[in-house]
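A quick write-up on the structure given underneath.
Residue numbers start from 1 in every chain, and the chains themselves are labelled A, B, ... in the order their sequence lines are given, proteins ahead of strands.
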Amino acid sequence: QENYDIALISKGFQHQFWQAVKAGADQAAAELGVTVTFEGPESESQVDRQMDMLAAALSRGPDAIGFAALDSQAATPLLQQANDAGIPIIAFDSGVESDIPLTTATTDNVAAAALAADKMAELIGEEGKVAVVAHDQTSRTGIDRVDGFVNRIEEAYPNIEVVTVQYGGGDQLQSTEITKSILLANPDLKGIFGANEGSAIGVANGKQELGSEVVVIGFDSGAAQKGMVESGLMAGAITQNPVGIGYETVKAAVAALNGEELPEVIDTGFYYYDASNMTDPEIAAVLYD
Amino acid sequence: MTTPLVEMLDIDKSFPGVRALSRACFELLPGEVHALMGENGAGKSTLMKILSGVYTRDGGTVKLDGKPVEITSPRQALDAGISIIHQELALMRDLTVAQNIFIGREPRRFGILDEAALNRDARAIFAQMNLKLEPTVRVETLTIAKQQMVEIAKALSYRSRVLIMDEPTAALNDAEIAELFAIINQLKSEGVGIVYISHKMDEIKRISDRVTVMRDGEYVGTVPAADTPIDTIISMMVGRTLSNETAAITDTSRNPVALEVRNLRRGRDIRDVSFELRRGEILGFAGLMGAGRTEVARAIFGADRREGGEIWVGGKRVGISSPQDAVAAGIGYLSEDRKLFGLATGLDVRNNIALASLARFTRAAGVLDDAGMHQAAEKYIRQLSIKTPSDTQEARLLSGGNQQKVVIAKWLLRDCDILIFDEPTRGIDVGAKSEIYRLLNQLAADGKAIIVISSELPEILRLSHRIAVMCEGRLTGILPGGASQEEIMRLATLREPAMEVRHAG
Amino acid sequence: MTDTTAPIAQKSGPRVSGALHRLLAFSGLIALVVVFSLASPNFMQTQNVLAILQATSVNGVLAVAATLVIITGGIDLSVGTLMTFCAVITGVILTYWGLPLPLGVLGAILAGTAVGLVSGTIIAKLKVPPFIATLGMMLILKGLSLVISGTRPIYFNDTPGFTQIAQGSLVGAVIPALPIPNGVMILFAVALLAAFVLSRTALGRYTFALGSNEEAVRLSGVNVDRWKIAVYATAGAICGVAGILIASRLNSAQPALGQGYELDAIAAVVIGGTSLSGGRGTVLGTLIGALIISVLANGLRILSVAQEWQTVVTGTIIILAVYADILRRRTL
Amino acid sequence: MTDTTAPIAQKSGPRVSGALHRLLAFSGLIALVVVFSLASPNFMQTQNVLAILQATSVNGVLAVAATLVIITGGIDLSVGTLMTFCAVITGVILTYWGLPLPLGVLGAILAGTAVGLVSGTIIAKLKVPPFIATLGMMLILKGLSLVISGTRPIYFNDTPGFTQIAQGSLVGAVIPALPIPNGVMILFAVALLAAFVLSRTALGRYTFALGSNEEAVRLSGVNVDRWKIAVYATAGAICGVAGILIASRLNSAQPALGQGYELDAIAAVVIGGTSLSGGRGTVLGTLIGALIISVLANGLRILSVAQEWQTVVTGTIIILAVYADILRRRTL
Ligand SMILES: Nc1ncnc2c1ncn2[C@@H]1O[C@H](COP(=O)(O)OP(=O)(O)OP(=O)(O)O)[C@@H](O)[C@H]1O
Ligand SMILES: Nc1ncnc2c1ncn2[C@@H]1O[C@H](COP(=O)(O)OP(=O)(O)OP(=O)(O)O)[C@@H](O)[C@H]1O
Ligand SMILES: [Mg+2]
Ligand SMILES: [Mg+2]
């Protein structure tokens, strides 16, 4: 087997979620004996920076590319270029609206957020006020998770009201301040959904600083969030399988290079975890630090 | 009788803390060179800035061709045919000479700057002035004299009916002055009215038709230049006949040497300058503008780099590479430009006085002894009669003379043995001036060694025990106190490298 | 302010000192508080007031650091990422090396000081404009924080009591009705200390003097470079305190955070009446400026103003605050 | 910011104009290119060179806008969010209103000009420092972009040919071997135009004059305020072009993008040898500065340098580039 060079262009870099994807990719790379690079812009709004990264990756002439599109339309020309050059593309995290990628290793964010809504409803007794603290007003994951949560509540739980959706850029501190304002403005609030890791931690922080009893449901894992779920500060959280996403992406890329058939979608799944099931082997495997 | 080009009547102007003009009057006829005279701070520049739209007057009337006008911006003044050469250079240093001259009036073709025409026009003006200057060089590379010529060329290029020249010759040499006067005579014959401000008496006699004298912002009188003796004009300026009183010159030649400078050099600015300064002595530095006196002082003080030379203080050689070293060696330097280099205008009087001595008022953990600073400041406020409501007044709110006293107090408090005063009386009124003279004499009597750099010969003559004269970066001679003006002027224009030392007595 | 009636003619009204402006900014703050109190009953609750104060603490400390630098006529764009860098250093000391808490605190402050020394030296000795030197430093620190932390947050779970630094309340332990978080008390302590340094020490005096006329200070025989470097080092040390604060609040050193915080800090300084051209400024003003920013953010959130409008309002208030200051100076 | 003690006459040695520095910056660029070419065979491939140029286009155009403002001695922190604002305006015109393409382009440029007029007026007439005026404007525009777009990207799928503005290649249609994207040609056109304006028009002349000595310009009877506003308006118009470019590259107006881009633009200007204190600067230098930034970013990526180190290197190069410029001026 050859030492393939695979470039992964993700949506982010410093965030723990992306570092977990990177870890999965590195793991697959080690197992399969290929080289992997991993890059992503600072924030999920920097669509053009991601294009520059993709272009630079193309110039490097990798054997395959893994790509998590911030905006799939924007990327189409470059993907076309890669396709013309015969470089297989594997989409990951969220789908690329194009038939160029051979497969997509992804989480259904809308469904995942809807699950969070169901759990929230269950925990607050299907009535009362809830709020959402999300990371980004314009990015795909931000939109999907907010929509998934809010729409599910509206459809299925007429007695629950989403009083506000606020955005803290995934910055823990800013999300903390936002949460405190929300709690103080709505003393009768029953629950808050934090739509990514930074938001979720911020929400839990805010709850703790105010000594509030509000139900917090988070998203993603990471050491801090796991600790909060363990201690009960956070009722539970949705986790995707970022390590699996990274792993499957690289594996699919190698398979494609070896001329194997690929399924259209590799659903890496999502799970709800709380203090009771965190140590189940199935769940523990998808949680990351 | 012809209608005057310009009539200014009862002009009032105040700045915060200063009444610059009080019922000042001025009149300019076509084809006339009208000298405007008065001591520093008399209000000459202010009056002309009002005429040229830089300042708006508080009261009074301005008439052009007999009709009252309101000039509220430089643009309006230029449109009305009034141009001015400002006392302070107002050039854009990053632009070329030609670009400076035609700023605001660039020749254009189809909306595009016609750089060729611009340079051609500039060249034409230079030719008319007999000036060798490349229109395409950047102004910042020029000497002060050349920059002054650019200002003149700029003013000429407007072809105005009224041309105001505020000390245009301050930085020029004799040949350049002669060219300027030829141009003035030419303009005069074309009917242009010229306002000429200068402190050089001989020029007034040579060029002007009438002289208007101002004092303390007020109109004193207008006299014909040809028939009025210089002494009369001077007494109109200062309000009394100046007795040429100089303090008796003490012989300091046996006092111990406080400062010795040996072979100070830096390029063409400072060429091998050596001299001694004794305790109790006031050594005057005379020379034309640009002679390099400030350069020498700054080099001794470590404010600018030097290429060679030794500095000995009290018989010991000292290495001075920054003002910090100089102050540590007991040398203080009062800069010629107090606004730029002397005063921290945002700080209050107390802190400005203490600025060079903060270490002395620093207690444990860097905490300042404000009470001690207050006492020290109060002492100098009393001693120098600094007019200020309190020592916490911001320095920028003081009048110029009092600001100057604050800077002097700063160096007195530092208690330096060697003090270099560069133009200490610049922008200072007559009263304050004599106070400063008295103070300098007192300091010398107390055993301090003092250098006074001044462009005013009478000041040099009045203060100095000995007089060092510089020309083009060289020390051309050291004269005993009381030397004649002619001798000083001879050395100040002595261009060949020769050193003359004439001993007193 | 003492009697300012100069003997020389002061025709244009009585002189008013910086006190008036502080009052102006202060009355701006009061106005905001009044508006928000009327608009929402939740605004003036003790808990919300404490939340506002807590939200001010990190930006407030950074703004105090920026105040020192801005008074010298400089600017510091690196305060945000320096804070993060210091937090990461604390994380390394406490969690990776397992050293005791005081060493972690000391480490952050020393790291801040060291970086400030470097920035100050680049500015004073190499004459690189502060804007560029601190812009470069901002990027360098941002990268280094990621490198040192291994691009992951460092948690302080093994250091019991670490979260108490900012989140606990010593005051609350004494006066239960007034549970002011320690983070807020630390902000006040830093501000008091900075105000003391500015008004009572040689360093403070030179800070103002440098901003007023650096050349005049140099020609007074003062070692200008040394004091300038000292100011940046002091600002760096204060950023170190901010680093500890934010780490304690988040119980973790988040290496990716910090860029963008410099603009909030500078905005607080400027709203507080400190001039960007140097020579004047007060820590009290900066505190008020920082409070205005947090009150605005909190109030607009409590009123559930859409987030996009929050930005618009904040931008407008910054311009208006500075314009008010300019108007005041012009009419004096 | 510069040393004020410099003696008037520059007697020492022959004067060298900006040409040398451009050479210095240029040789820096060459050095980077050589290093990267040697390190990776992929670097000098046509495709990668085109990718670098394409990556330079948006930042390059913003940097040209910033150059104009910086030469006047001002600063513009709003270039990034103004670009986004203009992109959103184009989106509204083309997609929401369905108007024809030329109107969309015109709309972006007019919007940029209008915002520039407002910033310029705040700076010239209200005397608010450029830093604050454009900081406030940055926030205002950031919020307004979100408000106008409804906080979601606006796509240009209904405007066929819109992506061709930046991504197509007219040059490639004529010379197939040289498929230079239009975006790059637009950058060159904007740069040429700006260089022309700076060197050949009254606006350019006053841009330099204002940065050199604003008071002298006023005394020469020039309407300083008007020209200053004109400079900010021109810079705004150029940001409008950048807005179209980025919208075309992304086939969408991304309302959340833009903040932070101002620092890259200013860095390009400064690396290119334009002085932050005004009066001097060249568009060519800015282009080289912008290229250095993209070459650095691209080269470090091609070499697979870890992302966290890329930031560190970039910060260091910014400081070094400016320091080199300072050294050069000091030794001349
Ligand atoms: N902008 C200003 N603000 C405050 N005071 C000023 C200002 N300009 C001038 N003055 C004061 O007004 C008075 C008159 O100044 P002016 O410059 O007109 O004097 P002058 O006769 O030109 O003196 P010189 O011979 O030194 O040029 C002085 O006391 C000066 O300090
Ligand atoms: N860089 C500069 N830009 C503008 N003016 C300057 C500059 N440097 C010096 N000057 C001014 O030019 C004049 C000539 O100064 P220089 O130091 O060359 O001569 P000098 O012997 O000190 O003469 P004087 O004492 O009569 O000014 C001084 O008034 C000085 O303030
Ligand atoms: Mg004058
Ligand atoms: Mg001099």
Check D/I132 against C/V270 and note the closest heavy-atom contact, atom names and distance. CD1-CG1, 3.3 Å

Spacing of OH belonging to C/Y206 relative to OG belonging to C/S212, to within rounding of 0.5 Å: 14.0 Å

Would you mind checking if D/E214 and D/R218 are paired as a salt bridge, meaning a charged N to carboxylate O distance below 4.0 Å? yes

Go through the atoms of C/L144 and report whether side chain, backbone, both or neither lie under 4.5 Å from a heavy atom of chain D. both

Chain D heavy atoms under 4.5 Å from C/M138: which part of the residue, side chain, backbone, both or neither? side chain

Heavy-atom cut-off 4.5 Å, strictly under: side chain, backbone, both or neither for C/L219 against chain D? neither

Of the listed residues (C/T314, C/T311, C/T316), which shares the most heavy-atom pairs with chain D below a 4.5 Å separation? C/T311

Would you mind checking which part of D/L141 comes under 4.5 Å of any heavy atom in chain C, side chain (CB onward), backbone (N, CA, C, O), both or neither? neither

Please classify the contact between C/I317 and chain D as side chain, backbone, both or neither, with a heavy-atom cut-off of under 4.5 Å. neither

Closest non-hydrogen contact found for D/D225 with D/K125 is OD2-NZ, 3.5 Å

Under 3.5 Å donor-acceptor, C/Q310 side chain and C/V305 backbone: yes

Show the nearest heavy-atom pair for residues D/L257 and D/T84, with the distance to one decimal. O-OG1, 2.6 Å

Out of D/L263, D/L77, D/I75, return the one with the most heavy atom pairs under 4.5 angstrom to chain C. D/L263

Honestly, the part of D/I122 sitting under 4.5 Å from a heavy atom of chain C is side chain

Give a yes or no answer on whether the side chain of C/T134 reaches the backbone of C/P130 with a donor-acceptor pair at less than 3.5 Å. yes

With a 4.5 Å cut-off on heavy-atom pairs, point out which of C/V313, C/I319, C/L146, C/T151 contacts chain D the most. C/I319

